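Read the numbers this way: they start at 1 and go in the same order the structure lists the ligands and their atoms. Just so it is clear, the model here is predicted, and its values are computed rather than measured. Along the sequence shown, residues are numbered consecutively beginning with 1.
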Amino acid sequence: MQQPRPDRGVLGVLASGTGSILEAILGADLPVAVVVVDRPCRAMDVARDAGVPAQLVARTDFGAAFDRAAYTARVVEALERHGVQAVAMAGFGTVLSAAVFERFPGRVLNTHPALLPAFKGWHAVRAALEAGVAETGCTVHIATEAVDEGPILAQESVPVLPGDSEDSLHERIKAVERRLYPATIASFLTSINDKLETRT
Ligand code: GRF
């Protein structure tokens with residue numbers, strides 16, 4: 001385990017899963033202030049092993065009564081507490097409500113494992129496979145309240161190969177995401193640099 005880094009980051013990363021995209025973001029030495037997860041998951045360990053604060057904002061209700069606005073307020077609070085100025089979603093499994101996009105206008109990024117606008121939604125890789133397309137890919141975009149919409153910053157295609165399973169295809173896409181997403185985040189942060197309040 002590394003020593004905690006000084007709190008110098010501007011980027012908050014939201015994750016729910018294995019955290020391999022998070023690992024790539026951290027490996028690219030992007031200024032990550034905090035990693036917020038909605039459930040216990042490997043992404044938490046990835047953050048801690050890199051010396052970055054990991055905050056579990058536990059989502060306990062996955063049913064119809066889920067209070068999305070209240071949950072979003074807790075996520076925003078966690079991001080604010082760590083001085084976050086831009087957010088990167090990296091496989092975050094909860095759809096957040098308007099408040100996060102209002103608090104960080106035009107500054108919430110997402111990577112999606114398909115060539116948007118094709119195959120929106122959580123099962124994008126499965127949907128591409130079922131549709132029988134010859135290629136799919138990944139899209140980095142500015143996230144908006146409408147899921148998998150928003151201005152596209154980068155896209156790269158990936159072939160669908162004979163015999164592909166959802167896992168094998170997703171892994172081929174993620175290999176690209178691990179390169180494309182950190183590079184796109186880095187350019188994005190540079191482009192908004194004059195608007196960031198840098199702390200020393
Ligand atoms: C990525 O494919 C991302 O596009 C999607 O979830 C996956 C996250 O992968 N939204 P990991 O948990 O970082 O390995």
With the criterion set at N/O pairs under 3.5 Å, what does the list of contacts between the protein and ligand 1 look like, atom names and distances included?
{"unit_1": "ligand 1", "atom_1": "2 (O)", "unit_2": "His170", "atom_2": "NE2", "d": "2.7"}
{"unit_1": "ligand 1", "atom_1": "2 (O)", "unit_2": "Glu177", "atom_2": "OE1", "d": "2.6"}
{"unit_1": "ligand 1", "atom_1": "4 (O)", "unit_2": "Thr111", "atom_2": "O", "d": "3.0"}
{"unit_1": "ligand 1", "atom_1": "4 (O)", "unit_2": "Glu177", "atom_2": "OE1", "d": "3.4"}
{"unit_1": "ligand 1", "atom_1": "4 (O)", "unit_2": "Glu177", "atom_2": "OE2", "d": "2.4"}
{"unit_1": "ligand 1", "atom_1": "9 (O)", "unit_2": "Lys174", "atom_2": "NZ", "d": "3.3"}
{"unit_1": "ligand 1", "atom_1": "12 (O)", "unit_2": "Thr18", "atom_2": "N", "d": "3.1"}
{"unit_1": "ligand 1", "atom_1": "12 (O)", "unit_2": "Thr18", "atom_2": "OG1", "d": "3.0"}
{"unit_1": "ligand 1", "atom_1": "12 (O)", "unit_2": "Gly19", "atom_2": "N", "d": "3.1"}
{"unit_1": "ligand 1", "atom_1": "13 (O)", "unit_2": "Ser20", "atom_2": "N", "d": "3.0"}
{"unit_1": "ligand 1", "atom_1": "13 (O)", "unit_2": "Ile21", "atom_2": "N", "d": "2.8"}
{"unit_1": "ligand 1", "atom_1": "14 (O)", "unit_2": "Thr18", "atom_2": "OG1", "d": "2.6"}
{"unit_1": "ligand 1", "atom_1": "14 (O)", "unit_2": "Ser20", "atom_2": "N", "d": "3.2"}
{"unit_1": "ligand 1", "atom_1": "14 (O)", "unit_2": "Ser20", "atom_2": "OG", "d": "2.6"}
{"unit_1": "ligand 1", "atom_1": "14 (O)", "unit_2": "Lys174", "atom_2": "NZ", "d": "2.7"}

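Judged by distance alone, with hydrogens and angles left aside, the side-chain atoms of Thr72 form no donor-acceptor pair with the main-chain N or O of Val100 at under 3.5 Å. With Thr111 contributing its side chain and Glu177 its backbone, the two residues share no donor-acceptor pair below 3.5 Å.
Relative orientation of the Tyr71 and Phe92 rings is parallel, given thresholds of 30° and 60° on the angle between their planes.
Taking Val147 as the reference, Val95 meet the side chain to side chain contact (heavy atoms under 4.5 Å, CB included) condition, with sequence neighbours excluded. Residues meeting the side chain to side chain contact (heavy atoms under 4.5 Å, CB included) test with Leu56, sequence neighbours left out: Val37, Pro40, Met44, Ala58.
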Would you list the atom pairs, donor with acceptor, under 3.5 Å between side chains in residues 117-129 and any protein atom, with sequence neighbours excluded?
{"unit_1": "Lys120", "atom_1": "NZ", "unit_2": "Glu149", "atom_2": "OE2", "d": "2.8"}
{"unit_1": "His123", "atom_1": "ND1", "unit_2": "Arg126", "atom_2": "NH2", "d": "3.3"}
{"unit_1": "Arg126", "atom_1": "NE", "unit_2": "Glu166", "atom_2": "OE1", "d": "3.1"}

